[in-house]
Amino acid sequence: NADAALYRAKEAGRNNYQFYSAEIHRSTIRKLELESRLERALDEGQFRLFVQLQMGQENISGAEVLLRWQLPDGTLVMPSEFIPLLEQSPLIKSVEFWVIEEACRQLVDWRELGIMTRTSVNLSALTLMSPQLPEFIGRLLEKHSLSADLLELEITERILLGDTNKARDVLLTLKNMGLNIALDDFGTGYSSLGYLLEFDTIDTLKLDCSFIWKMEETPRNRAILEAVVRLAHSLNMRIIAEGVETPRQLELLRELSCSAYQGYLFSRPVPIEHWQQIYQQWSDCGSYEKRVGCS
Ligand code: C2E
Ligand code: MG
Ligand code: MG
Ligand code: MG
């Protein structure tokens, strides 16, 4: 993307303006190309769902649904490349309503297979604030006879910082329906913990990868992480650690006893059709240690 190009251009030296502008030009063209194709992507059935495991101390605790865009030539476009584009248009609502609908359809299949678990979807501001959202979800749950607490909605603090009062109302409505609300990417923004915790509709705090990756760098980083986890515990929130990649990180996080762990150590996101396989691997073997012993 443009930031990366700029960074590389700086690295390459100040006189290398030509290189820089060529990179930006290429990435602008790509952006325009993607934008015009995005408009048809939903109608043409090009969105795919991936899913990533969340492990509790011993058991599977959930699955996060992650969007991918598959171009006709087979290329998978990652969310960092198209979500920011989508978020600039009302199209994001249709796409995320589709994600919610598909997630519920999956839950029905998983129920039949006995592999159902709490499932979370990521929502952007336009979708969360959409007046149709609560009713849309309510009808889906009813249609499929799904309990609302199977569904978790992940939002970021940016949404809460926008129209705070409106966000508060919407979250309360969704909470009263029985849905779970998670605050994603916690620790990447700038707002104070105290402020965020005023949103007592939030059940789950998802500690951002960067928190986990920096944990071992300094005692100070570790102390901050510990304080956050303790505070969240004392408010009866669930805590999910994202980006757990090494056994050492897992060990340190376990000392703080998070509610669940999500990361490549357990599983990368997989196409949603592969969930059964992941589910069986991890439910047969239980904890990470047992699984390592298994394989
Ligand atoms: P997120 O919601 O924080 O999702 C977790 C991201 O971290 C995923 O990236 C996942 O692949 C990655 N991840 C998980 N464990 C590890 C790990 O151990 N190491 C590393 N390096 N990465 C890990 P992904 O799938 O590329 O998604 C990126 C972001 O795109 C998501 O971050 C989410 O904010 C957004 N996104 C995905 N689907 C949707 C959607 O339907 N709607 C919206 N608004 N955003 C979405
Ligand atoms: Mg998320
Ligand atoms: Mg996150
Ligand atoms: Mg996120």
Side-chain angles (χ1 to χ4, degrees), residues 1 38 41-42 46-55 61-70 75-104 106 118-130 133 137 151-160 162 180-189 196 202-216 228 238-250 252-253 258 260-272 274 278 288:
N1 64 24
L38 260 180
L42 188 59
Q46 292 172 356
F47 288 111
R48 302 275 173 271
L49 297 184
F50 275 52
V51 70
Q52 190 178 27
L53 176 76
Q54 297 172 340
M55 274 300 281
S61 81
E64 177 175 6
V65 171
L66 296 158
L67 193 59
R68 302 286 182 265
W69 174 22
Q70 188 161 35
T75 316
L76 269 191
V77 188
M78 298 301 279
S80 58
E81 272 199 80
F82 67 89
I83 297 274
L85 295 176
L86 265 184
E87 281 181 333
Q88 291 165 24
S89 92
L91 214 60
I92 185 77
K93 281 198 280 183
S94 321
V95 174
E96 288 181 345
F97 274 48
W98 175 83
V99 172
I100 297 169
E101 198 172 349
E102 283 300 305
C104 289
Q106 284 297 328
R118 182 204 314 253
T119 298
S120 61
V121 296
N122 295 278
L123 298 187
S124 41
L126 275 180
T127 307
L128 184 78
M129 300 304 194
S130 155
L133 181 73
I137 297 181
L151 209 56
E152 182 158 88
L153 308 178
E154 297 193 6
I155 59 166
T156 60
E157 66 182 25
R158 267 184 304 140
I159 298 183
L160 307 181
N180 300 289
I181 315 288
L183 189 59
D184 203 357
D185 302 339
F186 185 76
T188 53
L196 289 177
I202 296 170
D203 319 279
T204 304
L205 216 56
K206 296 195 75 179
L207 299 171
D208 189 68
C209 302
S210 58
F211 245 138
I212 312 305
W213 298 340
K214 283 192 291 195
M215 169 175 66
E216 290 164 86
V228 168
R238 293 170 69 237
I239 298 147
I240 302 184
E242 286 192 289
V244 183
E245 292 186 347
T246 68
R248 178 65 182 151
Q249 287 166 349
L250 181 62
L252 290 173
L253 288 163
C258 297
Y261 309 90
Q262 181 178 348
Y264 294 174
L265 180 64
F266 299 101
S267 170
R268 289 187 176 247
V270 297
I272 204 158
H274 297 180
I278 298 292
Y288 172 73

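Ligands are counted one by one from 1 in listed order, and the atoms in each one are counted from 1 as well.
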- Could you tell me whether D185 approaches ligand 1 through its side chain, its backbone, both or neither, with non-hydrogen atoms closer than 4.0 Å? side chain

- Task: Using a 4.0 Å heavy-atom cut-off, say whether K206 meets ligand 1 through its side chain, its backbone, both or neither.
- Result: neither

- Item | Under 4.0 Å to a heavy atom of L67 - the qualifying atoms of ligand 1, by number | 37 (C), 38 (N), 41 (O)

- salt bridge (Lys or Arg N to Asp or Glu O under 4.0 Å): pairs with one or both residues in residues 204-215, sequence neighbours excluded: E64-K206, E154-K206, K206-E242

- Contact atoms of ligand 1, heavy-atom distance to G263 under 4.0 Å: 15 (N), 18 (O)

- Message: Let me check your reading of the structure: within less than 2.8 Å of the Mg ion (ligand 2), is there an N/O/S atom from N122?
- Response: yes

- Can you sort out which atoms of ligand 1 are near Q52, meaning under 4.0 Å from one of its heavy atoms? 10 (C), 14 (C), 15 (N)

- Which bit of N122 is near ligand 1, meaning a heavy atom under 4.0 Å away: side chain, backbone, both or neither? both

- Task: Scan for salt bridge (Lys or Arg N to Asp or Glu O under 4.0 Å) pairs involving residues 84-96, sequence neighbours excluded, and state none if there are none.
- Result: none

- Message: Below 2.8 Å, can you find an N, O or S atom of E154 next to the Mg ion (ligand 2)?
- Response: yes

- Note on the structure: Honestly, for Y261 the part within reach of ligand 1 (heavy atoms, under 4.0 Å) is neither

- Tell me yes or no: between the side chains of Q54 and Q262, is some donor less than 3.5 Å from an acceptor? yes

